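In what follows, a single structure is set out as structure tokens and then discussed.
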Amino acid sequence: MPQYWWVNHKQTVRQEIGGGYLWSPKQENNGARSQFYENMRIANPGDVVLSFANTWIRHVGVVEAHCVTAPKPGHFGASGAYWAQDGWWLPIRWTPLSQPVRPRDLADELAPLLPRKHSPFNAIRGTGNQKAYLARVERAVIETILGRAGLALEAVQAGENRSFEQLVEALDDEAERAITQDLTIAETERLEQVKARRGQGRFRANVSVMEKACRITGISNPDLLTASHIKPWRSCTTGTERLDGNNGLMLVPHIDRLFDRGLISFQDDGRILVSPLLAFADVQRLGLTSALEESVGLFTSGQAVYLKYHREFVFLREDRPEARVRFKAP
DNA sequence: GGGCGCGCTGG
DNA sequence: CCAGCGCGCCC
């Protein structure tokens, strides 16, 4: 069953509609959790989203794939200058409404359908709710809005979504262009940084020195392992970060993706943490259950330490204390 | 299209 | 309580 969402995004509506995505920070600037940002991770492919901006709903979208960690889009410009550099990126296939809808005109109909908390819209005042970004709504809200727009929900859902791999490729292509166009970096160095995107070259060599097997599955055959970034390659801001073996794990490829989505991660005591968003069936299918049982004590002094922070994980090494991030209990 | 006040959320 | 943040409104 799909879920239904409503996004308030006046500040970035042009970029997000034009680019076919939603982007949000992972937490508020003071580190506080935001349900509206967490919803970016809860959204599934096939979910339906209403786009609200400047008092109008002008687009409806279908979520194309799960969110991934990604840097703040460069073309946001001055909008959201205070947002963190890294956030959640959720690909959306948008459809414009030939008859845009002003929810204020439907306030009486919407009032009983909207949630009491985390509502994107105040039906009494007839205004969008400040603070709300991606908000969960009932199917009936979508049907009411689309009914007024003269558009069937089925027509919106019909159509091909791009695959997760295609979308992530396109996202990474952007980061790669930035590197290849940066002529302040020597050409050989640019090449190595680009190779690191695929877990190849000097990056792989650096990681393999310290990581001899996949820490989740225990697989040690190098042919089956990908050199994966802990801080994703597309989010790295320096060549050092892109090539640093400290910023890597040898993982089997589908585990690599789970890291990218923040669904599995290491705690600083070495335990593997599985996000509640990952279904238990997935955990079993991946063969993670035994790893979970035996996961305590994977790390010894001097090895990489992983910290849980609002269900997102950053890494640090004891030999790089300047990069230390304070542990915050969930 | 950018700045300011307002009201909801979370700490 | 206060801080943060995105809307409505204003220009």
Side-chain angles (χ1 to χ4, degrees), chain A residues 3-19 21-43 49-61 67 70-90 92 94 96-97 100-138 141-142 144-145 148-149 262 275-277 307-312 325-330:
Chain A
Q3 308 169 98
Y4 302 93
W5 308 97
W6 169 319
V7 66
N8 288 351
H9 58 163
K10 177 183 103 162
Q11 293 170 87
T12 50
V13 63
R14 281 178 303 115
Q15 295 91 331
E16 293 184 336
I17 297 290
Y21 65 88
L22 291 175
W23 186 91
S24 81
K26 297 182 179 183
Q27 310 109 26
E28 295 188 3
N29 262 333
N30 58 7
R33 187 192 124 89
S34 162
Q35 186 60 52
F36 299 109
Y37 300 158
E38 281 294 299
N39 285 341
M40 296 286 279
R41 314 174 61 195
I42 297 170
V49 190
L50 295 173
S51 157
F52 176 88
N54 302 303
T55 74
W56 288 89
I57 290 174
R58 299 180 183 276
H59 293 83
V60 58
C67 75
K72 179 168 59 180
H75 53 265
F76 275 7
S79 300
Y82 53 89
W83 288 328
Q85 268 314 303
D86 223 34
W88 298 119
W89 179 85
L90 186 68
I92 313 272
W94 296 110
L97 302 184
V101 177
R102 208 203 274 262
R104 182 179 286 173
D105 301 337
L106 302 170
D108 291 343
E109 268 181 88
L110 292 175
L113 304 177
L114 292 166
R116 275 158 297 193
K117 212 177 172 193
H118 298 113
S119 175
F121 193 76
N122 183 327
I124 295 170
R125 308 192 324 136
T127 64
N129 266 342
Q130 302 146 14
K131 177 95 181 185
Y133 186 65
L134 186 63
R136 186 193 289 277
V137 294
E138 306 255 330
V141 171
I142 307 275
T144 301
I145 300 288
R148 173 62 74 101
S275 159
L277 295 172
L307 294 184
K308 180 173 189 300
Y309 187 73
H310 286 268
R311 287 212 223 135
E312 162 66 357
V325 174
R326 245 170 243 296
F327 177 76
K328 181 161 179 171

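Within every chain, numbering begins at 1; the chains are lettered A, B, ... in the order of the sequence lines, protein sequences first and strands thereafter. It should be emphasised that the depicted structure is a prediction, and the values quoted were computed from it without experimental measurement.
Heavy atoms of F52(A) sit under 4.0 angstrom from primed sugar atoms or phosphate atoms, though from no base atom. When heavy atoms are screened at a 4.0 angstrom cut-off, A53(A) is found touching no nucleic acid atom at all.
At a non-hydrogen distance threshold of 4.0 Å, K117(A), H118(A), N122(A), R125(A) from residues 111-128 of chain A come into contact with DNA chain B. Less than 4.0 Å separates DNA chain B from at least one heavy atom of each of the following residues of residues 5-17 of chain A: K10(A), R14(A).
If you take CD of E28(A) and C1' of dG11(B), they are 10 Å apart, rounded to a whole angstrom. As rounded to whole Å, 13 Å separates atom P of dC7(C) from atom CG of L134(A). Put simply, CZ on F36(A) is 12 Å from C1' on dC7(C), counting in whole angstrom units. Rounding to whole angstrom units, CG of residue N54(A) and P of dG2(B) are separated by 12 Å. In this structure, N129(A) atom CG and dG5(B) atom C1' are separated by 16 Å, rounded to whole Å. Counting to the nearest Å, the P atom of dC8(B) and the CD atom of Q35(A) are 18 Å from each other.
Mapping A78(A) and K131(A) onto DNA chain B by nearest heavy atom places A78(A) closer to the 5' end of the strand.
K72(A) pairs by the salt bridge (charged side-chain N to carboxylate O under 4.0 Å, His left out) definition with nothing, not counting sequence neighbours. In this view, W5(A) satisfies the ring pair (Phe, Tyr, Trp, His ring centres under 6.0 Å) rule with no residue, not counting sequence neighbours. In this view, W23(A) and F76(A) satisfy the ring pair (Phe, Tyr, Trp, His ring centres under 6.0 Å) rule, not counting sequence neighbours. When the ring pair (Phe, Tyr, Trp, His ring centres under 6.0 Å) test is applied to Y133(A), no partner is found at least two apart in sequence or on another chain. For L113(A), the side-chain contact (heavy atoms from CB on, under 4.5 Å) partners at least two apart in sequence or on another chain are A140(A), V141(A), T144(A). Shown here are the ring pair (Phe, Tyr, Trp, His ring centres under 6.0 Å) partners of H59(A), two or more places apart in sequence or in another chain: there are none.
Here N29(A) reaches the OP1 or OP2 of dC5(C): one of its side-chain N or O atoms lies under 4.0 Å away.
Here the side chains of V49(A) and V60(A) are not in contact, with every heavy-atom distance at 4.5 Å or above.
Between S51(A) and I17(A), the closest heavy-atom pair is OG-CD1, 3.7 Å.
Among pairs with a residue in residues 114-136 of chain A, those fulfilling salt bridge (charged side-chain N to carboxylate O under 4.0 Å, His left out) read E28(A)-K131(A), at least two apart in sequence or across chains.
Considering only side-chain atoms of Y82(A), the nucleotide from dG10(B), dC8(B), dC5(C) that sits closest is dC5(C).
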